[in-house]
Amino acid sequence: MKQNRTRARAATGTALALGLACVLSSCAAPASESGSATQTEAAPGFLAVADDALTGSGALTVQLDYDTSEADGLDPQTAQTARSWMIMGLVYETLVTTDENFEIQPGLATAWEQPDDTTYVFTIDTAATFSNGRALTPEDVVGSLQRQMESLSVWSGQMGPVESIEATGADQVTVKLSEPYAPFLAALANTPAAILPMQEVNDGSVDLTTTMLGTGPYLVDAHRQDESWTFTANPEWRGGDDLAVQTLELQIVDQESTRQAALREGSAGLANFVSIDALTQLADAPDARVLNQSQSDFYYVNVNSQTPGSPLEDQDVRFAINTAIDRQAIADIVFAGETAPTGVTPSNLPGACSVDALPSEQATIEDAKKIIEESGAGDTTLNMVVYTSEPVMGQIAQLIQQQLDEIGVTVEIEQFDTATYNARVFGAPADFDLSVGWFAGYVDPSMVTKWWNPEQALFNAGYTGVHEDLNELITAGASETDPEARAEVFTELCATADEYSEIVPLVHRPSIVGFDTAALSPTIQSNEGYGNILRDITEYRLPAAE
């Protein structure tokens, strides 16, 4: 039985993996100790809730591990990284937003109706103004959404089959789709769908690649790339009277130990951490509280099926490798139990498939060994490429290397800088056998499933095949609007992708957030889909000055 196999291997793997991890980086604490940082919700759906009794206002310093960097500068519609979405989201607003349950809530649209499966009628908040004082108009909404669709950016594909966008009243915009598309509102809820000052964009007075001008709570005061951002409260923001954080400084500090020190000494009010070690390393800091926010983002292994002559052309070999990868052991050993396994649909999203039901989870190690032996795949050494900027990638690779060794597959790990990794993995042709990476999981299960169709994703065409049955399920998951029917589609979709075993989901990517309880009372949701750890900054509260 798979369950017995997992327990036995995890016990062996713990000693091996921790020994190797100590060579690569600081020694991770054993799982039992790391697990001591209990994640108790302050309220349903929230790890922390701001204390409304605090009446102070002023400055907040946040330390982040890296800055945003986009080829198109500060244009939110072409932003591709979660860090960009978060930073630009301080200035820009969207028609709708998401709450702690991944449900859609009003934003610049105060309400919306859906008279049929393909029509959305939005009521626009015309009391909202851009930071230059001009009131938001339906034409700004129409122009922004049309610009996004015409951008052919990554996010334009997430917007779905938009057929028309029209102003249909003084405060009304109607969007029609060519067919039902369940994640449409979720796509509108992220920064790339931001509503822009289209009057200024069209007359050329604002260049969105260099200037941010939105309706959001903050204005950019200063920015030094890879050093800092300074934001000040937008006096035109319609919720500004209750904004405690009047000045926000984002300091870019790449060393995790330095960010930890800043939180200990109080020079930073909030900081993010990549390593789960922060949960224990800051446990003794009297004023620091460290939380593990559950992201829908997840790590995966690419199994390159497109290299001629590679044993990985054989689907049975790929499935054997998939079977040997123990997701729970990765969660327990590499992440000290602070994350959880997932299938193609992020397991913390509504309607996601069950990981335990995946064919590879039902298969046995003995079956996998037999396939490798009979195929001769064990005679070949496979390379596994990872990038070095996120050390946990190497630790995941080491554990998988050990797991595959159990079925007779030899793996050699190769570590590169990000640029080299990208060239090896996403180049044409792809130059790797196995690779470790991670996907943003978003807030609707069908949004990330697009990346299993190389004709839509494009970036993975060099290492995955086109499978019409899988593509049909991906399309069905996006168009089905009945929750129960969608869940059935996702179950079949996850199983089909699992059998092809070209992109193998592993575990969720943790997001560790620490804050100084003496300086800040934040609101932090338990789950996040767009990587926005500052999502509720307008709710933050500060102590009054003494």
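Scope of the values below: all heavy atoms of this structure, side chains included, with no hydrogens, waters or symmetry mates. Predicted, not measured: the structure shown is a model, and the values here were computed from it.
- When ring centroids are compared, Y299 and F335 come within the 6.0 Å threshold.
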Test log, rule side-chain contact (heavy atoms from CB on, under 4.5 Å), inputs T307 and L312: CA-CA 8 Å; T307 301; L312 301 179; over 6 Å; no
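- Minimum heavy-atom separation, G462 to N304: O-OD1, 3.9 Å.
- Taking the six-membered ring where tryptophan is involved, the planes of Y387 and Y421 are perpendicular, since the angle between them exceeds 60° and thus also 30°.
- Side-chain contact annotation: T209 with D75, donor-acceptor N/O pair under 3.5 Å absent.
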Checking E166 against K176 for the salt bridge (charged side-chain N to carboxylate O under 4.0 Å, His left out) test, could you report, in this order, the C-alpha distance in whole Å, the side-chain angles of both residues, the deciding distance, and whether it holds? CA-CA 9 Å; E166 296 180 289; K176 292 189 176 181; 5.9 Å; no
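- Between the OG1 atom of T68 and the CD1 atom of I87 there is a distance of 5.5 Å, given to the nearest 0.5 Å.
- Residue W452 forms a ring pair (Phe, Tyr, Trp, His ring centres under 6.0 Å) with just one option from Y300, F439, Y500, and that option is F439.
- A 6.0 Å sphere centred on CD of Q315 holds more than 12 heavy atoms belonging to other residues, nucleotides or ligands.
- For residues 89-99, the salt bridge (Lys or Arg N to Asp or Glu O under 4.0 Å) pairs, not counting sequence neighbours, are E93-R238.
- The salt bridge (Lys or Arg N to Asp or Glu O under 4.0 Å) pairs that include a residue from residues 411-437 are E414-R424, R424-D431, where partners are two or more places apart or lie in different chains.
- The aromatic rings of W85 and Y530 sit perpendicular, their planes meeting at an angle over 60°, well past the 30° parallel limit.
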